[in-house]
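In what follows, a single structure is set out as structure tokens and then discussed.
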Amino acid sequence: MTRTSLTPLSLAALGLLREKPRHPYEMYQTLVLRGEDRIVKVRPGTLYHAVARLAELGLVEEDGVERDGKRPERTVYRMTPDGEAALKATVEHMLGDAGNTFPPFPLALAEAHSLPAERVVDRLNVRLEGLRERLAEYDALEGGALEREVPPAFWIIVKYQQHLLAAEIDWLEGMVGEILTGSLDINPCP
């Protein structure tokens with residue numbers, strides 16, 4: 001498996017298995033607890049599928065079976081040496097990749113001149129409200145991590161997202177202000 005063929009969810013699963021062997025539902029719970037479900041689309045079913053695919057590729061293997069009370073048996077997986085190599089290669093590549101991911105919002109900004117100024121301001125204020133809510137969620141995640149004394153390496157994404165959100169909020173508030181005062185003519189074409 002090449003580094004580019006690892007899905008984001010597969011990468012997250014390998015990262016968790018690098019810490020310790022786990023069953024897929026425990027992986028899911030850990031991703032949610034750490035707030036990583038905000039950066040990678042995850043549902044229990046898709047995670048089970050991703051782990052099964054990693055096992056087919058020889059990147060993870062069964063480590064045993066657990067049973068908790070009357071609950072069904074759960075297969076615990078561990079990462080293989082090939083899985084560790086794939087994880088490291090992918091993370092190294094991604095950390096150094098400054099390529100454009102083509103998110104849709106910058107395109108919407110580039111075409112905002114197509115709408116009346118009051119509509120642009122309205123939509124940007126809706127976005128700002130959502131961004132502020134997301135920032136509050138990350139602030140709560142940080143508080144929970146600090147309270148539980150979770151090592152910072154496991155929630156570094158929280159700090160990253162807080163900074164990105166704060167910067168976007170600041171920039172958008174300034175842009176809305178410029179549109180409202182008329183210092184930015186959002187509709188220069190007739």
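Index from 1, following the sequence.
Residues Thr90 and Ala86 approach most closely at OG1-O, 2.8 Å, considering heavy atoms. Shown here for Asn187 and Ala117, the closest heavy-atom pair between the two residues is OD1-N, 3.1 Å. Nearest heavy-atom pair, Ala12 versus Leu31, reported as atom, atom and distance to 0.1 Å: CB-CD2, 4.0 Å. Nearest heavy atoms, Ala13 versus Val51: CB-CG2, 4.4 Å. Looking at every heavy atom in both residues, Leu33 comes nearest to Leu141 through O-CD2, 3.8 Å.
Using a 4.5 Å heavy-atom cutoff, the side chains of Leu6 and Leu54 are in contact. Under the 4.5 Å side-chain criterion, counting only non-hydrogen atoms from C-beta, Pro21 is not in contact with Tyr77. You'll find the side chain of Arg34 reaches within 4.5 Å of the side chain of Leu16, heavy atoms only. Within the 4.5 Å cutoff, the side chain of Gln162 has heavy atoms near those of the Tyr138 side chain. Residues Leu180 and Val176 have side chains in contact (heavy-atom distance under 4.5 Å, counting atoms from C-beta outward). Two residues are said to be in side-chain contact when any heavy atoms from C-beta on lie closer than 4.5 Å; Pro44 and Leu47 fail this criterion. Between His23 and Thr75 the shortest side-chain heavy-atom distance does not fall below 4.5 Å. With a 4.5 Å cut-off on side-chain heavy atoms, Lys41 and Leu9 do not count as touching.
Side chain of Thr181 to main chain of Gly177: a donor-acceptor pair is present (N/O by atom type, distance under 3.5 Å, no hydrogens or angles).
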- Go through the steps for Val121 and Asn125 under the test side-chain contact (heavy atoms from CB on, under 4.5 Å), then give the verdict. CA-CA 6 Å; Val121 168; Asn125 279 328; 3.5 Å; yes
- Message: Let's go through Glu36 and Ile39 carefully: what are the C-alpha distance in whole Å and the side-chain angles of both, what is the deciding distance for side-chain contact (heavy atoms from CB on, under 4.5 Å) to 0.1 Å, and is it a yes or a no?
- Response: CA-CA 5 Å; Glu36 291 183 35; Ile39 58 169; 4.3 Å; yes
- Task: In sequence, state the C-alpha distance, the side-chain angles, and the governing distance for Arg38 and Glu137, and then conclude on side-chain contact (heavy atoms from CB on, under 4.5 Å).
- Result: CA-CA 10 Å; Arg38 290 168 174 81; Glu137 291 171 3; 3.4 Å; yes
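In this structure, OH on Tyr48 lies 9.0 Å from CE on Met27, to the nearest 0.5 angstrom. With rounding to the nearest 0.5 angstrom, the CG atom of Leu146 is 4.0 Å from the CH2 atom of Trp155. Remark: Leu14 CG to Glu19 CD distance equals 11.5 Å, nearest 0.5 Å. A distance of 11.0 Å separates OG in Ser10 from CG in Leu87, rounded to the nearest 0.5 Å. To the nearest 0.5 angstrom, Leu124 atom CG is 9.5 Å from Leu115 atom CG. In this structure, the separation between CD on Glu168 and CE on Met175 is 11.0 Å, given to the nearest 0.5 Å.
We find that Glu133 and Arg127 are not joined by a salt bridge, their nearest charged nitrogen and carboxylate oxygen being 4.0 Å or further apart. Look at Glu173 and Arg132 and you find a salt bridge, because one of the NZ, NE, NH1 or NH2 atoms lies within 4.0 Å of a carboxylate O, short of that distance. A salt bridge links Lys20 to Glu26: at least one charged side-chain nitrogen sits closer than 4.0 Å to a carboxylate oxygen.
Applying the salt bridge (Lys or Arg N to Asp or Glu O under 4.0 Å) definition to pairs two or more places apart or across chains, those involving residues 87-102 are Glu84-Lys88. Applying the salt bridge (Lys or Arg N to Asp or Glu O under 4.0 Å) definition to pairs two or more places apart or across chains, those involving residues 155-165 are Glu142-Lys159.
Tyr28 meets the ring pair (Phe, Tyr, Trp, His ring centres under 6.0 Å) test with Tyr25; sequence neighbours excluded. Under the salt bridge (Lys or Arg N to Asp or Glu O under 4.0 Å) criterion, Arg119 pairs with Asp122, not counting sequence neighbours. Residues meeting the salt bridge (Lys or Arg N to Asp or Glu O under 4.0 Å) test with Arg74, sequence neighbours left out: none.
Tyr160 and Val150 fall within a single hydrophobic cluster, where Ile, Leu, Val, Met, Phe, Trp and Tyr are joined by side-chain heavy atoms under 4.5 Å apart, directly or via other members. Ile156 and Val158 fall into different hydrophobic clusters, where Ile, Leu, Val, Met, Phe, Trp and Tyr are joined by side-chain heavy atoms under 4.5 Å apart, directly or via other members. In the hydrophobic clustering of ILVMFWY residues, with side-chain heavy atoms under 4.5 Å counting as a link, Ile169 and Phe105 come out together. Under the 4.5 Å side-chain heavy-atom criterion for Ile, Leu, Val, Met, Phe, Trp and Tyr, Trp171 and Leu131 are members of the same hydrophobic cluster. The same ILVMFWY cluster, assembled from side-chain heavy atoms under 4.5 Å apart, contains both Leu165 and Ile157.
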Distance-only donor-acceptor pairs under 3.5 Å for side chains of residues 55-65, two or more places apart:
from  : atom 1 : to    : atom 2 : distance (Å)
Glu56 : OE1    : Arg53 : NH1    : 3.3
Glu61 : OE2    : Arg78 : NE     : 2.8
Glu61 : OE2    : Arg78 : NH2    : 3.0
Asp63 : OD1    : Arg78 : NH1    : 2.2

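His113 NE2: more than 12 foreign heavy atoms inside a 6.0 Å radius.
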